[in-house]
Amino acid sequence: MAGMTSTARPYLNRRLAEFGTTIFAEMSALATATGAINLGQGFPDTDGPEEIREAAVRALRDGRGNQYPPGPGVPELRHAISVHQRHRYGLAYDPDTEVLVTAGATEAIAATLLALVEPGDEVVALEPYYDSYAASIAMAGGRRVPVTLRPDGDRFRLDLDELRAAVTDRTRLLLINTPHNPTGTVLTREELAAIAELAVERDLLVVTDEVYEHLVFDDAEHLPLAGFPGMRDRTVTIGSAGKTFSFTGWKVGWVTAAPALVSAVRSAKQYLTYVSAGPFQYAVAEALALPDSYFDGFRRDMLARRDILATGLAEAGFGVFRPAGTYFVTTDIRPLGEKDGFAFCRALPERAGVVAVPNAVFYDDREAGAPFVRFAFCKKPEVLQEATDRLRRMA
Ligand SMILES: *Cc1c(COP(=O)(O)O)cnc(C)c1O
């Protein structure tokens with residue numbers, strides 16, 4: 001389960017036994033073998049801004065970050081993260097005590113769960129979930145308790161009663177993700193307010209993965225959970241440069257939280273990677289300080305790509321949940337007369353020359369995820385056009 005296929009793993013310990021190889025390895029291999037267009041994995045096919053690449057080169061040449069940077073991250077980047085949170089959301093974080101730079105959001109998630117979860121604690125997470133959540137909860141010895149986002153008209157919706165019912169005396173924290181991968185849902189102000197109320201009422205910590213904060217479309221608005229009443233000091237907010245600046249290979253992420261939480265996360269983080277990405281940290285500091293026009297342009301550009309893909313998929317006969325955020329479109333394959341996303345995705349490269357990912361890998365409740373398939377649109381417009389042409393011909 002959980003983003004994984006069941007390959008026999010004779011040496012893998014019990015905590016990780018269910019996590020074989022990820023679906024992305026299998027699907028990318030299929031893409032390579034068949035020459036199909038890979039809309040499976042979510043990485044851009046164009047690098048981020050030239051000036052930011054140059055900033056990385058400059059840092060490297062100037063000897064900034066070539067040796068171990070400071071454990072919490074270089075001061076320039078911590079400062080830039082702090083300014084970004086204040087400028088965007090009016091949230092003030094002290095760069096010295098409330099910001100921690102990590103090896104991508106992935107390490108931030110792992111370090112946070114390893115630091116905060118006791119063995120046997122329950123972690124309530126939205127399902128479908130980003131594939132590293134389940135593995136990180138398992139590594140921390142926690143138990144994941146999924147709350148399933150259900151299709152409701154043209155979006156997936158969080159059932160607040162289900163969320164309430166999932167919280168028990170064993171619940172240590174809520175793990176939230178908005179904008180949400182893979183459904184493209186952006187949690188609304190009302191939904192976030194209800195999550196916040198619940199967290200305060202039950203005195204829970206909240207970890208919120210907001211790596212797609214800059215990718216929201218139409219009327220949707222990204223609201224950080226940390227900004228809701230009572231949330232500032234119980235929330236660990238996770239961000240990343242990978243998705244916002246199209247440098248997923250740099251692996252620069254961060255955590256913002258109250259000092260005691262940052263200090264706990266740092267305790268785990270220092271024994272995972274200690275530090276990483278020295279010269280890239282300086283470049284990301286410059287990237288975060290880009291003018292608003294960069295962020296607006298990036299959003300507009302991705303919106304145009306969303307529309308090419310979403311419209312093309314609808315014309316090819318898929319049920320389309322037009323995403324309010326992220327760079328993924330979740331589709332329903334039942335209108336095509338299909339019901340098993342796994343079988344569909346395994347056959348799709350041969351049938352149409354396109355690779356997609358079955359959402360079922362992001363569910364414990366595989367039945368609930370069976371008819372859904374995810375396509376990424378962080379690809380060149382002509383690539384998306386060609387992919388949708390192929391899918392239309394298939395239909
Ligand atoms: C891509 C992604 C991550 C990982 O981000 P990195 O900075 O590359 O580690 C985390 N969460 C979600 C929801 C993602 O889509």
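Residues: numbered from 1 along the sequence shown. Order of appearance sets the numbers: ligands from 1, and atoms from 1 within every ligand.
- E98 and T256 share no side-chain donor-acceptor pair at under 3.5 Å.
- One finds no salt bridge joining D161 and R164 here, because no Lys/Arg side-chain nitrogen approaches an Asp/Glu carboxylate oxygen to under 4.0 Å.
- Side-chain contact annotation: T183 with H180, donor-acceptor N/O pair under 3.5 Å present.
- Of the listed residues (D365, D364, D121), just one forms a salt bridge (Lys or Arg N to Asp or Glu O under 4.0 Å) with R144, and that residue is D364.
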Show me the side-chain donor-acceptor pairs of residues 329-336 shorter than 3.5 Å, one per line, residues at least two apart or across chains.
residue : atom : partner : partner atom : Å
T330    : OG1  : P182    : O            : 2.7
T330    : OG1  : N359    : ND2          : 3.1
T331    : OG1  : V373    : O            : 2.9
D332    : OD1  : R334    : N            : 2.9
D332    : OD1  : R334    : NE           : 3.0
D332    : OD2  : R334    : NE           : 3.3
D332    : OD2  : R334    : NH2          : 2.8

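- Closest to atom 1 (C) of ligand 1 among all protein heavy atoms lies K243 NZ, 1.4 Å.
- Here's the thing with T106: one of its N/O atoms is less than 3.5 angstrom from an N/O atom of ligand 1.
- Looking only at protein heavy atoms, the nearest one to atom 15 (O) of ligand 1 is Y212 OH, 2.6 Å.
- In terms of polar-atom proximity, G242 is not counted as a contact of ligand 1, lacking any N or O under 3.5 Å from an N or O of the ligand.
- Using cut-offs of 30° and 60° for the angle between ring planes, the F318 and F375 rings count as perpendicular.
- In S240, the part holding a heavy atom less than 4.0 Å from any atom of ligand 1 is the side chain.
- Residue R322 is tested with D218, D154, D307 for a side chain to side chain donor-acceptor pair (under 3.5 Å); the sole match is D307.
- Among protein heavy atoms, atom 5 (O) of ligand 1 sits closest to A105 CB, 3.4 Å.
- Between Y130 and ligand 1, no pair of N/O atoms sits closer than 3.5 Å.
- By the 3.5 Å distance cut-off applied to N or O atoms, K251 is counted among the residues near ligand 1.
- In this structure, the protein non-hydrogen atom closest to atom 12 (C) of ligand 1 is D209 OD2, 3.4 Å.
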